[in-house]
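Nothing here was measured: the structure is a model prediction, and the numbers come from that model.
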Amino acid sequence: MRPELGLYRHHVKLRSCSTMSDISTATSASTATFVTALVFNAIVFGAELAAFTILRPWFKAIYEPRTYVPPPSKRVLSLGRSLFLWPIGVFKADYRDIIRTNGLDAYFFVRFLRMMTKILLPIWFFSWVILMPVNSVNTFVGNDDGLDRFTFGNIEPTKQKRYAAHLILVYFFTAWILYNIRREMKSFVLKRQQFLVSPAYAKTTQANTLLVTGIPTKYLSTEALYNTFNDLPGGVKKVWINRNLKELPDIYDRRLAACNKLESAETSLLKTAANLRLAAIKKAKKSGNVADLEAAQSLDVVSVPRDQRPQHRLGWIPFVGEKVDTIEWCRSEIRICTELLAEGRSIIENDGLGVRDRSDDPIDKDSIEGDTDEERRKGQKKREGLKSYPPINSAFITFNNQIAAHLAKQSLTHHEPYRMSGKYIEVAPEDVIWSNLSLNPYERKIRIALSWAATAALIIFWAIPVAFVGIVSNVYGLCARTSWLAWLCKLPKVVVGIIAGILPPVLLAVLMMLLPIVLRLFARFEGIPKRNGVELSLMTRFFIFLVVHSFFVVTVSSGIIKALPGIINNPTSVPSLLAENLPGASTFFLTYIVLQGLSVVAAGFLQIVPLIIYYVKLFILGSTPRSVHGIKFGLGSVDWGTTFPNITLLVVITLGYSIISPIINGLACATFFGFYMVYKYLFLWVYDQPSTSDTGGLFFPKAIQHVFVGLYVQQVCLAALFFLARNQNKDPSAIPEGALMIVLIVLTAGSHAIINNSYGPLLKSLPLSIKDRTWANQPPATEPAPSTDNKNRVSVLEEPAPEKNQGGACSQPLQPKSIDEYGFAHPAVSRPQRTVWLPKDMLGLAEEEERACKDAGVDASYENAHMNEKGNVDISGGPPDEFDEE
């Protein structure tokens with residue numbers, strides 16, 4: 001996969017100075033910072049879009065790879081070579097086509113951006129037409145100037161009847177948002193169900209398989225699980241019991257590493273031969289001897305001296321260890337690993353525990369149970385002697401009918417607590433975290449508690465460096481309040497601007513680079529058995545983190561110096577502090593929205609980092625056919641666990657300030673529209689999300705929950721502002737408005753509960769009411785009697801030893817025609833050796849190396865790869881062991 005370092009990887013966290021109403025220099029600086037950021041980001045926006053417009057037609061590998069890289073069924077038409085018509089093409093493109101190209105997760109992400117644009121459009125209009133005049137006309141508080149004139153805090157104590165406008169609009173805006181949420185959730189359930197029952201998806205193994213964890217020992221057999229679930233519609237097709245494979249996964253990884261090393265060594269050998277030939281030709285030309293030149297040019301085979309063949313030292317310590325010939329060592333390593341894997345697979349295949357598909361086999365109870373107790377005891381001892389790889393408490397169960405998998409997911413499976421309670425639908429083998437399949441239910445509960453405790457601790461202690469960043473952003477406030485830092489204000493404005501506007505986001509960016517890695521490790525430690533499940537958990541953790549540190553902590557820390565004496569005397573005043581400083585901190589968030597809507601959106605189109613990395617990698621790392629294929633045909637993808645929270649953080653910020661600082665609504669609406677355009681372009685023409693990790697859009701309902709967080713933040717803070725409002729006599733003046741805000745909070749919470757209760761059960765499983773539309777496997781009317789002779793059976797667990805053909809080379813091992821034929825057996829017990837991919841050279845050495853590999857028991861091929869006379873590698877197709885997609 002080509003690493004994507006653009007829009008979804010690096011959301012820059014701008015931290016500019018926030019307003020303090022009683023310090024005129026700080027106020028003017030905040031407004032100046034916003035204007036400067038607006039102008040600067042507008043210039044960057046124009047420059048990046050101009051560069052994208054010019055470069056796009058000439059670099060199709062970066063800007064339109066989906067027009068030729070994916071299978072024909074997932075390709076899209078080009079935007080054309082016209083320089084200035086691409087915005088129209090992107091705007092008119094149907095975002096629903098993303099379902100075909102990248103699945104439901106990408107589709108609902110773009111739909112979420114579209115939903116937010118639609119929600120904010122009328123909010124923008126009414127808030128600017130009503131609230132901005134209400135906040136600014138004939139009212140002035142303290143030193144509020146510039147952008148602060150349009151905030152809630154600019155209403156004079158004698159004119160607080162104007163609060164009625166804020167109250168009416170927050171009710172109107174909340175009703176509008178709840179209406180759209182209900183409509184989108186209804187559409188989500190319908191679209192997800194249509195996708196799940198579509199023939200293209202419903203017939204896949206992923207759509208018909210259930211993962212069950214926490215299985216008691218009594219049920220750890222194919223027959224027991226088959227009998228437990230076979231009464232569901234259509235019955236059970238296959239049962240895959242997971243095992244403690246001990247050393248086999250490590251051996252499998254060793255073989256894969258040896259294959260990679262052998263590909264590099266073989267390519268290096270061929271390149272050395274090509275260079276020797278070029279050197280001979282150059283030497284002959286220099287000598288002027290025509291005979292030597294003709295001999296060098298006609299040389300078909302070049303013998304590479306022994307000392308120029310690829311070599312390496314064994315062991316982990318550099319420059320220490322036995323030096324060996326890399327090619328010979330790799331061939332030996334692959335052969336040894338293959339033999340060890342074949343031995344382990346043979347034990348698994350013949351121990352009688354039923355890892356392979358035995359659902360069609362007649363059950364020979366006599367051979368299992370025996371006629372007498374003595375025979376049964378002997379059979380048990382014999383079985384225990386063969387049980388080198390014991391089963392663990394989980395299994396994959398594939399059903400003949402899709403609806404059966406969903407019914408099994410929703411059913412109560414076992415009569416004891418926590419037994420067989422961990423059930424996961426729509427599982428793909430590539431998405432499984434194999435190390436998390438052996439956890440018992442009680443261990444899983446403990447891990448969940450520890451994982452979230454660690455997450456909470458990280459959030460709490462991370463507040464220290466983030467609060468420091470917020471304080472640094474308020475340079476002018478520090479100068480005014482702290483005498484020993486007064487020298488900062490005497491520095492040139494450019495230097496102060498760098499300290500306030502550039503240094504804080506750089507410091508925070510370094511911290512934020514490590515954050516998703518740590519949180520993803522916490523989620524994986526929890527014991528989640530699916531990678532997309534880890535991303536779903538990461539989305540929640542990362543969102544909580546961003547809201548706390550990129551919203552609450554920054555807001556509080558922006559005014560911490562002003563209110564520090566009051567906090568020391570009254571620590572319970574933190575809620576009041578938050579409410580009082582929300583209006584004053586709005587300029588910082590306006591600057592952040594401008595950054596996202598201009599620079600980040602334009603960077604998403606330009607993709608300058610992937611553009612540079614693509615050609616740098618092709619020049620430096622494109623040494624083997626497989627690496628060249630990965631660079632040229634490996635498209636970028638999105639990590640939803642970190643991408644979605646960055647967007648929903650904008651939602652929380654926008655809703656939190658939509659009434660308090662209404663100017664943010666127009667900026668946010670434009671920002672979400674920009675994100676909608678750039679992500680629609682990326683998912684239609686650039687990115688390729690793996691279908692095996694698609695959740696069917698389950699990130700979207702989580703994002704809806706984040707919208708509710710924004711509503712609660714807005715309503716709680718506005719209620720606090722109403723309760724804290726004082727008239728000219730210092731008496732509470734907006735108690736009724738505050739009480740009505742409490743009512744609105746209750747109404748919002750009630751709507752939230754109704755939406756969760758009504759749509760929650762429909763999010764993951766299919767209902768019986770559409771069972772007639774689900775996929776069902778129709779077995780042939782007559783089937784041949786299954787063979788009970790293991791020697792004549794073909795199984796994915798078998799990897800036949802290479803056999804000599806008439807030409808002396810070994811025949812290629814039998815490989816399935818599709819990935820589904822491997823089923824849910826661990827790769828260490830199912831996958832054959834990966835074909836060593838060589839480039840075909842002009843000297844004919846590749847053919848000799850291929851024969852030598854096969855003679856050594858290593859599968860190799862030079863299909864679709866070639867090396868020119870200068871030793872440069874290129875490809876004309878995919879790897880020889882790659883599965884073709886229609």
Distance from [X] atom [atom1] to [Y] atom [atom2], nearest 0.5 Å?
X: Ser627; Y: Ile631; atom1: OG; atom2: CD1; result: 5.5 Å
X: Lys246; Y: Asn244; atom1: NZ; atom2: CG; result: 6.0 Å
X: Thr272; Y: Leu845; atom1: OG1; atom2: CG; result: 10.5 Å
X: Cys337; Y: Leu256; atom1: SG; atom2: CG; result: 10.5 Å
X: Leu682; Y: Ser637; atom1: CG; atom2: OG; result: 12.0 Å
X: Ser830; Y: Tyr252; atom1: OG; atom2: OH; result: 7.0 Å

Would you confirm whether the ring centroid of [Y] sits within less than 6.0 angstrom of the ring centroid of [X]?
X: Phe619; Y: Tyr614; value: no
X: Phe109; Y: Trp640; value: yes
X: Tyr687; Y: Tyr679; value: no

Main-chain N/O of [Y] paired with [X] side-chain donor or acceptor, under 3.5 Å:
X: Ser346; Y: Ala342; answer: no
X: Ser861; Y: Glu863; answer: yes
X: Asn864; Y: Gly878; answer: yes
X: Arg243; Y: Tyr389; answer: yes
X: Lys680; Y: Val90; answer: yes
X: Arg309; Y: Val304; answer: no

Answer yes or no: is there a side-chain heavy-atom contact under 4.5 Å between [X] and [Y]?
X: Val76; Y: Arg100; value: yes
X: Asn868; Y: Asp874; value: no
X: Trp685; Y: Tyr63; value: no
X: Ile336; Y: Ser332; value: yes

Salt-bridge test for [X] and [Y]: reply yes if a basic N is under 4.0 Å from a carboxylate O, no otherwise.
X: Arg306; Y: Glu328; answer: yes
X: Glu322; Y: Arg313; answer: no
X: Arg626; Y: Glu263; answer: yes
X: Arg851; Y: Glu847; answer: no
X: Glu339; Y: Arg335; answer: yes
X: Glu535; Y: Arg520; answer: yes
X: Asp325; Y: Arg331; answer: no

message = Just by distance, no angles: are the side chains of Thr53 and Trp86 close enough, under 3.5 Å, to form a donor-acceptor pair?
response = yes
ask   = Do Thr67 and Ser78 meet the criterion of a side-chain donor-acceptor pair at a distance under 3.5 Å?
value = no
ask   = Parallel, tilted or perpendicular: which describes the rings of His826 and Trp434, with under 30° parallel and over 60° perpendicular?
value = tilted
ask   = At their closest point, which heavy atom of Arg345 faces which heavy atom of Pro827, and how far apart are they?
value = NH2-O, 3.7 Å
ask   = Which heavy atom in Thr267 sits nearest to a heavy atom in Met867, and how many Å separate them?
value = O-CE, 3.7 Å
message = Using a 6.0 Å distance limit plus a 45 degree cone around the ring axis, check whether Arg75 lies over the aromatic ring of Tyr68.
response = no
query = Testing Leu341, Leu248, Ile347 for side-chain contact (heavy atoms from CB on, under 4.5 Å) with Val829, which one passes?
reply = Leu248
query = Got a sec, which residues hit side chain to side chain contact (heavy atoms under 4.5 Å, CB included) with Lys261, two or more places apart in sequence or on another chain?
reply = His312, Thr326, Trp329, Cys330
request  = Go through the structure and list residues passing side chain to side chain contact (heavy atoms under 4.5 Å, CB included) with Ala428, not counting sequence neighbours.
outcome  = Gln206, Glu430, Asp431, Thr692
Pair listing, salt bridge (charged side-chain N to carboxylate O under 4.0 Å, His left out) test, anchored in residues 47-70, at least two apart = Arg56-Glu64, Arg66-Asp688
